[in-house]
Amino acid sequence: MKKYIVVALITLFVTKINAQNIVPNAADSRVITTGTAFLLIASDARAAGMGDQGVATAPDAFSQQWNLSKYAFAEKKQAVSISYTPYLTKLVNDIFLGNVGYYNKLTERSAVSASFRYFSLGEIQFTDNQGNNTSLEKPNEFTLDLGYSLLLSDRISMGVGLRYLRSDLQLGKTQNLQGASGAGPASTFAVDIGAYYQSEEKAYNTFNGKWRAGAAIQNLGPKIKYDDGGRENFLPTTLRLGAGFDFILDEANTVAVTLETTKLLVPTPPVYGFEDTDGDGVNNENNPTNVIVEGNDPDVNFFSAIFSSFGDAPGGFSEEIDEFTYSVGAEYQYQDAFAFRLGYFNEAETKGARKFFSLGAGFRYNVINIDISYLITASKVPSPLENTLRFSLAFNL
């Protein structure tokens, strides 16, 4: 069945002028937007069941998305992973995120990995001004990753990954958007850098325990350009930090608790205004120019944005703190055969208002791991993954 889906390309334009009578525009949003935002969707059910976290959780076959350095600590020699995530299921049934991955431990201290992530936006039926069907497009985005992980010591590992991104929204094939040519396929490269720490198992009063910690910078790369007009979008360059502890109750029962925080390393949108040349306080054709009233110019290169993103919020330190999300997750495992998971994810109201609880479960049968997860929104803003089951499979070879 043909679907009608609206695809929005969000871009930023800033024009600098010298002016004295500047009026701020209170309608400007503080939500940070990027290109290829599908990279922020949790593609595997284990991470999704613990509140979209994975930088410091125990290694698994899906570590490529969260912190590829964890592969150096993987217990299995190699594994193949497959996941499927339906998206916007309340509206359509043909938007989804799929992921296929593989890792192989070359030695006891090193591993290589690869993954392919594919995001389908379903089918878009274009029409002309008279409402007649003109073309049926199938926009999509995908990434291809290659990574290498190495143990620097018995307790610390690092990993580096190279990512190729391609975003094909296919609007350039139509000419019915007021006669203007649309955006064609765009591509770029990015790098992931990760580190992971795992302590020795230590004996406490009534249980044994093990500490975990992880850090990663992901999607570090040039902006992506969608059209010939020169408009560019930042990649969702993300800083992830996390720590956790495994309560090893006995040989059969383990409870792992993890806390993770993330921040987009891209510019915060400034407060825009206009030059009120006629003094009426209204932005009209006499004074249409947008200017920056508060904040920094977001038109910087991706490398400069990494450092400026920690101090460019117009609201100061409090707004910078709001740009950090956090998640808390817990995982109970019984005899390495069954797992039950809980999680909570929180984002500030002014930065997107994503808040949700998550549930998950995992089962192991011979060499196959099966994971499922379910999201329950806790925000006034509906989640595109609300009431959606996510599935993952891993084959340990």
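Just so we're clear, the structure is a prediction, and the values are computed from it rather than from any experiment. FYI, side chains are in, hydrogens and waters are out, and symmetry mates aren't considered; it's all heavy atoms of this structure.
Between Y118 and F116, the two ring planes are parallel [angle under 30°; tilted spans 30° to 60°].
A salt bridge does not link D322 to K351: none of the charged nitrogens lies less than 4.0 Å from a carboxylate oxygen. Classification of D154 and R109 as a salt-bridged pair holds, one side-chain N sitting under 4.0 Å from a carboxylate O. Taking the charged nitrogens against the carboxylate oxygens, R117 and E141 have no contact shorter than 4.0 Å, which rules out a salt bridge. Salt bridge K210/E200: absent, no basic N to carboxylate O contact under 4.0 Å.
In this structure, the ring of F302 has its center no less than 6.0 angstrom from the ring center of F234. Checked against the 6.0 Å centroid threshold, Y344 and F356 do not count as a close aromatic pair. For F73 and Y196, the gap between ring centers is short of 6.0 Å. For Y164 and F189, the gap between ring centers is short of 6.0 Å.
With F363 as the partner, the ring pair (Phe, Tyr, Trp, His ring centres under 6.0 Å) test is satisfied by one option alone out of F340, F391, F338: F338. The side chain to side chain contact (heavy atoms under 4.5 Å, CB included) test with R341 singles out one residue from I372, L359, D371, T57, and that residue is D371.
A donor-acceptor pair is defined here as one N or O able to donate and one able to accept, closer than 3.5 Å; such a pair exists between the side chain of S358 and the backbone of G49. The backbone N or O of G194 sits nowhere less than 3.5 Å from a side-chain atom of K70 that would complete a donor-acceptor pair. Between the side chain of S120 and the main chain of N140, no donor-acceptor pair closer than 3.5 Å is present.
With a 6.0 Å radius and a threshold of 12 heavy atoms from other residues, nucleotides or ligands, Y204 has its OH atom above the threshold.
Using a 4.5 Å heavy-atom cutoff, the side chains of K225 and K223 are not in contact. Contact check for L40 versus T238: side-chain heavy atoms found under the 4.5 Å cut-off. Proximity of L239 to F310: side-chain heavy atoms (C-beta onward) are separated by under 4.5 Å at one or more points. With a 4.5 Å cut-off on side-chain heavy atoms, S309 and V266 do not count as touching.
Judged purely by distance below 3.5 Å, without hydrogens or angles, the side chains of Y103 and Q78 never pair a donor atom with an acceptor atom. For the residue pair W211 and D246, no side-chain donor N or O sits within less than 3.5 Å of a side-chain acceptor on the partner.
Remark: N67 CG to I217 CD1 distance equals 11.5 Å, nearest 0.5 Å.
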